[in-house]
Visitor: 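Take a look at this one; I'll ask things after.
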2 protein chains.
Amino acid sequence: MPRARAAVDVFQAVADPSRRRILLALARGERTVTQIIESITLPQPSVSKHLGVLRAAGLVAVRRRGRERMYAVRGEPLREVRDWADTFKKHWDQHLSRIKSRAERTARRGKESRDSSQATPGKAPVIPPWPVWKGKYL
Amino acid sequence: MPRARAAVDVFQAVADPSRRRILLALARGERTVTQIIESITLPQPSVSKHLGVLRAAGLVAVRRRGRERMYAVRGEPLREVRDWADTFKKHWDQHLSRIKSRAERTARRGKESRDSSQATPGKAPVIPPWPVWKGKYL
DNA sequence: GCATCATATTCCCAATTGAGAATATGTCAA
DNA sequence: TTGACATATTCTCAATTGGGAATATGATGC
């Protein structure tokens, strides 16, 4: 019921592209906020705010060095993300073989009349052809 | 700079816990919307809407079976999530060893210029102790 | 102290989000 | 056709979000 806040939930924290870019910039080693700002084009307050979210999610660690702050990746929370996605590995392995078998089936019969509107009683494809719009699946 | 919409971006789509639960429910095989509703406690319109988002992200496939609809996981987009998170594997592998080596380096007379913020000569941990609240890092 | 650099915080705003209720669409069965 | 069932869509609402500008805090050097 409670909405997952980006300030706490790793998946939410990682959902923002700017934050992923920040993490990527930090992947090679510690960076100051100024260095991060240089690598990704984003105003300083935004970067600081994103860093705050990443900090709240435990994804970065801070250390003071003089008047600057060194940020470093703290990758451990990402393990959950990886493990979760990895759970579905079989589903993306299976995907191609499914497409393949479907293609073979379709090729064996000449033309397909209509697809998702009516499933053929004998063999109903699990994965229908997917409408694509702007490079994304609809 | 455009905000990533959940209806298109995989990371966003996966950021919602309810949607992750739906995917988990589908992980074992095709399910009807009603079956999904039964496995996760959430009102039907919410489930349908979440399924719409998952569909828009290419994470599920639909197939009609009579008056019901069978949803199935389409895991391929999750590969990007996994690969991205996997990029940081070294950061959770090397986490402890990094603290260790840095502690050793610093202990060996930390020449590292001025850590004017109370660099306790002897050990300056890269990762400060992390405040935890409700099992999450703050 | 004072000016300056580095970073964080606050405030405002438009857009997105997710829940919930009500309603609409579509399909089967009698 | 009528009615029950399965699912989707619409609408409203409150909360969250991210950007931008302005401002605040904090450390350094003179």
Side-chain angles (χ1 to χ4, degrees), chain A residues 1-9 11-22 26 30-57 60-72 116-119 121 138, chain B residues 1-9 11-22 26 30-57 60-72 113-119 138:
Chain A
M1 233 152 126
R3 262 164 100 169
R5 284 155 308 194
V8 161
D9 183 61
F11 285 89
Q12 281 286 348
V14 147
D16 184 79
S18 301
R19 286 196 283 270
R20 287 202 299 276
R21 289 199 297 155
I22 291 177
L26 292 177
E30 288 184 307
R31 294 289 135 91
T32 66
V33 176
T34 304
Q35 289 173 324
I36 296 173
I37 294 170
E38 283 164 3
S39 44
I40 77 175
T41 307
L42 210 62
Q44 177 264 316
S46 294
V47 172
S48 279
K49 268 185 290 187
H50 283 309
L51 284 171
V53 173
L54 292 173
R55 218 184 322 144
V60 294
V62 213
R63 161 174 85 92
R64 295 187 189 216
R65 197 185 62 175
R67 52 181 161 183
E68 6 181 69
R69 305 199 181 190
M70 302 297 289
Y71 277 87
S116 55
S117 56
Q118 185 80 337
L138 293 175
Chain B
M1 306 49 152
R3 256 164 106 170
R5 281 156 308 200
V8 162
D9 184 60
F11 285 89
Q12 282 285 348
V14 146
D16 184 80
S18 301
R19 286 196 284 268
R20 286 202 300 277
R21 288 199 298 154
I22 290 178
L26 292 177
E30 288 185 306
R31 292 290 135 93
T32 294
V33 176
T34 304
Q35 290 174 323
I36 296 173
I37 294 169
E38 283 166 2
S39 43
I40 77 177
T41 308
L42 210 62
Q44 177 264 318
S46 296
V47 171
S48 279
K49 268 184 291 185
H50 284 309
L51 284 171
V53 173
L54 293 172
R55 218 184 323 145
V60 294
V62 214
R63 163 173 85 92
R64 293 182 192 222
R65 197 186 62 175
R67 53 182 161 182
E68 2 180 75
R69 304 199 180 192
M70 301 296 288
Y71 278 87
S113 65
R114 67 264 186 208
D115 265 357
S116 65
S117 64
Q118 268 81 343
L138 295 176

Visitor: Would you tell me if any nitrogen or oxygen in the side chain of A:R65 comes within less than 4.0 Å of OP1 or OP2 on C:dA6?
Guide: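 No.
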Visitor: Should A:R63 and A:E30 count as an ion pair when the cut-off is N to O under 4.0 Å?
Guide: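 Between A:E30 and A:R63 there is a salt bridge, with a charged N closer than 4.0 Å to a carboxylate O.
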Visitor: Any side-chain N or O of A:R64 less than 4.0 Å from the OP1 or OP2 oxygen of D:dG26?
Guide: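 For A:R64, the contact criterion (side-chain N or O under 4.0 Å from OP1 or OP2 of D:dG26) is not met.
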Visitor: Whole-Å distance between D:dG18 C1' and A:K49 NZ?
Guide: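 The answer, rounded to whole Å, is 7 Å.
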Visitor: On the nucleotide D:dG19, are OP1 or OP2 found under 4.0 Å from the side-chain N or O atoms that A:S18 carries?
Guide: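 Yes.
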Visitor: Which is more 5' along DNA chain C, the nucleotide nearest A:I37 or the one nearest B:P45? Just name the residue.
Guide: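 Residue closer to the 5' terminus by nearest nucleotide: A:I37.
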Visitor: Checking contacts here: which listed nucleotide (C:dA6, D:dA8, C:dT9) is nearest the side-chain heavy atoms of B:S48?
Guide: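 The closest nucleotide is D:dA8.
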Visitor: Any side-chain N or O of A:S46 less than 4.0 Å from the OP1 or OP2 oxygen of D:dA21?
Guide: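 No.
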Visitor: Would you kindly compare A:D16 and B:Q44 by the position of their nearest DNA chain D nucleotide and give the one closer to the 5′ end?
Guide: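 So the residue in question is B:Q44.
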Visitor: Rounded to the Å, how far apart are B:R63 CZ and C:dT27 C1'?
Guide: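 That distance rounds to 16 Å.
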Visitor: For D:dA8, does either OP1 or OP2 sit under 4.0 Å from a side-chain N or O belonging to B:Y71?
Guide: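 So the side-chain polar atoms of B:Y71 do come within 4.0 Å of the phosphate oxygens OP1 or OP2 of D:dA8, strictly under.
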Visitor: When you measure from the side-chain N and O atoms of A:H50 to the phosphate of D:dG19, is any distance below 4.0 Å, counting only OP1 and OP2?
Guide: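 So the side chain of A:H50 is within the cut-off, an N or O lying under 4.0 Å from OP1 or OP2 of D:dG19.
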Visitor: Whole angstrom is fine here: how far is it from CE in B:M70 over to C1' in C:dT27?
Guide: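 After rounding, the gap between these two atoms is 16 Å.
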Visitor: Side chain of B:R55: nearest nucleotide among C:dA8, D:dA8, C:dC5?
Guide: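 Closest nucleotide to the B:R55 side chain: D:dA8.
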Visitor: Select from B:V47 and B:R67 the residue whose nearest nucleotide in DNA chain D is closer to the 5' end of that strand.
Guide: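 Result: B:R67.
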Visitor: So do the side chains of B:S39 and B:Q35 get within less than 4.5 Å of each other, counting heavy atoms only?
Guide: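 Heavy-atom side-chain distance check fails, nothing below 4.5 Å.
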Visitor: For B:R69 and C:dC28, what is the distance between atoms CZ and P respectively, to the nearest whole Å?
Guide: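 Distance, rounded to whole Å: 12 Å.
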Visitor: Take atom CD of A:Q12 and atom P of C:dT16, then tell me their distance rounded to the nearest Å.
Guide: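 Rounded to the whole Å, the gap is 16 Å.
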Visitor: Examine distances only and state if a side-chain atom of A:R55 and a backbone atom of A:V60 form a donor-acceptor pair shorter than 3.5 Å.
Guide: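 Absent.
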Visitor: Check the distance between D:dA6's P and B:R31's CZ and give it to me in whole angstrom.
Guide: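 Distance, rounded to whole Å: 17 Å.
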Visitor: Find out whether B:H50 and B:L42 are in side-chain contact, i.e. whether some heavy atom of one side chain is under 4.5 Å from a heavy atom of the other.
Guide: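 The answer is yes; the side chains approach within 4.5 Å.
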Visitor: Taking all non-hydrogen atoms of both residues into account, name the closest pair between B:S48 and B:V33 and its distance.
Guide: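 Looks like OG-CG1, 4.4 Å.
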Visitor: Starting at CD of B:E38 and ending at P of D:dC5, how long is that distance when rounded to a whole Å?
Guide: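 Going from B:E38 (CD) to D:dC5 (P), I get 14 Å.
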Visitor: Nearest whole angstrom, please: distance from the P of C:dA6 to the CD of A:Q35.
Guide: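 Interatomic distance, CD of A:Q35 to P of C:dA6: 11 Å.
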